[in-house]
Amino acid sequence: MSRLRLFIPLLMFVVLALFLMRGLQLDPREMPSALIDEPLPEFQLGQLGTDKIVQRGDVIGKVTLFNVWATWCVSCRMEHPYLQKLADEGVPIVGINYKDETFAAMKWLRDLGNPYRLNVEDLEGTLGLDMGVFGAPETYLVDAQGIIRYRHVGVINERIWSGLLSPLYQDLISKSGTP
Amino acid sequence: MRTALLRDTCIVVAVYLLAVSVSHAVIETYQFSNTELEQRYKSLSAELRCPKCQNQNIADSDAPIAQDLRKLLYKQLEGGASDEEILEYMVSRYGEFVRYKPRYSGPTMILWLMPGLLISGAVIILLVVLKGNKRKAQSISSEEQVQLDALFSPTDSSTKDTPSGENTP
């Protein structure tokens with residue numbers, strides 16, 4: 001018995017090591033949004049490239065991706081072709097042009113293509129603040145009732161879409177009944 | 001694998017680009033209408049954690065989001081909001097992550113209780129070990145004690161320790 005007690009330190013070390021190993025695999029940047037299952041915040045902002053005002057009511061009604069992007073965001077450029085691919089497949093994407101310059105943003109869309117149904121121009125980052133955005137790119141999955149169901153921080157690519165977002169997206173569509 | 005490397009490289013480059021662009025306007029100064037507000041600004045910006053950074057409060061961080069939050073904090077303080085209201089506003093958007101002293105509730109309970117639990121656990125283990133040592137020390141004092149006394153008493157040892165006597169012819 002007293003022999004076995006000699007193994008207690010080793011046991012404690014193993015438990016500690018397991019916790020630390022788990023910690024190494026976790027991504028500390030991955031943070032759950034505080035707004036999951038909360039309604040998309042109200043806003044009244046300009047629509048990029050027009051002199052129209054967009055409100056919350058104009059962008060909800062369908063299961064939609066809200067993509068936070070900016071021309072100063074390097075990863076957004078990497079993400080762009082994949083967003084275009086999704087848009088071509090019929091996934092509705094609303095852009096939130098976050099703390100950007102209008103001219104640069106419009107040039108971006110002209111040069112690289114425009115995967116967005118429309119772009120909300122969040123010059124001051126006020127909508128971003130209400131949505132808990134802390135960088136770009138970020139993508140929110142919002143259901144047909146305008147409730148935020150998921151937030152992905154970082155680039156969307158094939159792996160993220162087919163492994164994570166697409167199942168959620170399809171699930172929300174089948175729940176809402178409208179494509 | 002390659003895309004992951006590429007992504008990481010891009011993140012690093014982005015961080016450098018951002019760092020360069022903000023380094024010109026590092027920490028902005030705000031004029032407060034009274035010193036009490038300034039004190040509260042200092043303590044709140046030290047307690048609020050920058051959501052983008054891993055472990056920096058918004059007072060120390062150069063990240064654009066930290067600048068935005070400082071500006072917001074300033075506006076809210078000048079607007080007459082209480083500390084509670086400001087923290088509530090931040091937490092409703094960024095979650096408990098944004099506070100270095102999270103509210104005592106649900107999942108954050110483990111953070112508050114763990115130090116106490118660990119210390120009391122350590123004290124309990126210490127007490128058990130000490131008691132075990134004491135009992136071990138006492139357990140000798142039965143028949144073993146007699147033997148021990150026998151070993152130490154000079155008369156007994158003289159009779160016992162006479163192997164040489166047997167050798168005498």
Side-chain angles (χ1 to χ4, degrees), chain A residues 1-2 5 8-9 12 16 19 26-41 68 70-82 98-101 122-138 140 148 151 153-160, chain B residues 1-18 20-22 48-56 58 61 63-73 75-76 88-99 102-103 107 114 118 121-122 125 128-129 132-133 136:
Chain A
M1 184 59 209
S2 59
R5 273 166 65 179
I8 289 176
M12 282 162 70
L16 187 69
F19 270 100
L26 293 175
D27 185 357
R29 281 169 299 188
E30 224 163 80
M31 248 187 7
S33 168
L35 281 133
I36 298 300
D37 296 335
E38 297 285 332
L40 187 76
V68 180
T71 54
W72 46 259
C73 149
V74 182
S75 323
C76 296
R77 192 173 278 268
M78 286 168 54
E79 185 183 43
H80 195 83
Y82 198 76
Y98 178 61
K99 297 177 71 177
D100 206 353
E101 285 161 19
D122 192 13
L123 291 172
E124 299 288 316
T126 47
L127 175 59
L129 194 74
D130 283 343
M131 289 173 75
V133 170
F134 56 78
E138 284 186 26
Y140 292 75
I148 296 173
R151 186 260 294 263
V153 176
V155 172
I156 294 185
N157 50 31
E158 177 63 38
R159 190 174 57 87
I160 300 287
Chain B
M1 190 59 211
R2 247 192 76 210
T3 54
L5 189 69
L6 198 59
R7 187 199 59 198
D8 291 345
T9 317
C10 282
I11 291 172
V12 170
V13 170
V15 166
Y16 276 102
L17 287 177
L18 286 175
V20 168
S21 60
V22 295
L48 286 167
R49 181 172 173 183
C50 163
K52 180 78 180 169
C53 333
Q54 278 311 306
N55 202 0
Q56 257 188 328
I58 63 169
S61 176
I65 184 68
Q67 288 179 3
D68 288 356
L69 290 183
R70 283 198 298 267
K71 192 170 153 193
L72 182 75
L73 180 61
K75 278 186 186 162
Q76 282 176 323
E88 182 57 40
Y89 181 95
M90 300 286 186
V91 167
S92 70
R93 282 157 181 78
Y94 293 100
E96 289 291 339
F97 180 92
V98 84
R99 292 184 65 178
R103 217 182 332 218
M114 198 48 107
L118 285 178
I125 289 174
V128 167
V129 168
N133 283 352
K136 216 181 268 171

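Protein chains get the first letters and strands the later ones, always in sequence-line order, with residue 1 at the start of each.
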May I ask you to decide if Ala34(A)'s main-chain N or O and Glu38(A)'s side chain share a donor-acceptor pair within less than 3.5 Å? no
So, the part of Tyr94(B) with a heavy atom under 4.5 Å from chain A: the answer is both
For Arg99(B), which residues count as a side chain to side chain contact (heavy atoms under 4.5 Å, CB included) partner, sequence neighbours excluded? Glu47(B), Leu87(B), Val91(B), Glu96(B), Arg103(B)
Applying side chain to side chain contact (heavy atoms under 4.5 Å, CB included), run through Leu72(B) and Tyr89(B) and close with a yes or a no. CA-CA 10 Å; Leu72(B) 182 75; Tyr89(B) 181 95; 3.3 Å; yes
With Leu123(A), which residues qualify under side chain to side chain contact (heavy atoms under 4.5 Å, CB included), at least two apart? Thr102(A), Glu121(A)
By a 4.5 Å heavy-atom criterion (distance strictly below it), what part of Val133(A) contacts chain B: side chain, backbone, both, or neither? backbone
Pro51(B), Gly95(B), Cys50(B): which one forms the most heavy-atom pairs within less than 4.5 Å of chain A? Pro51(B)
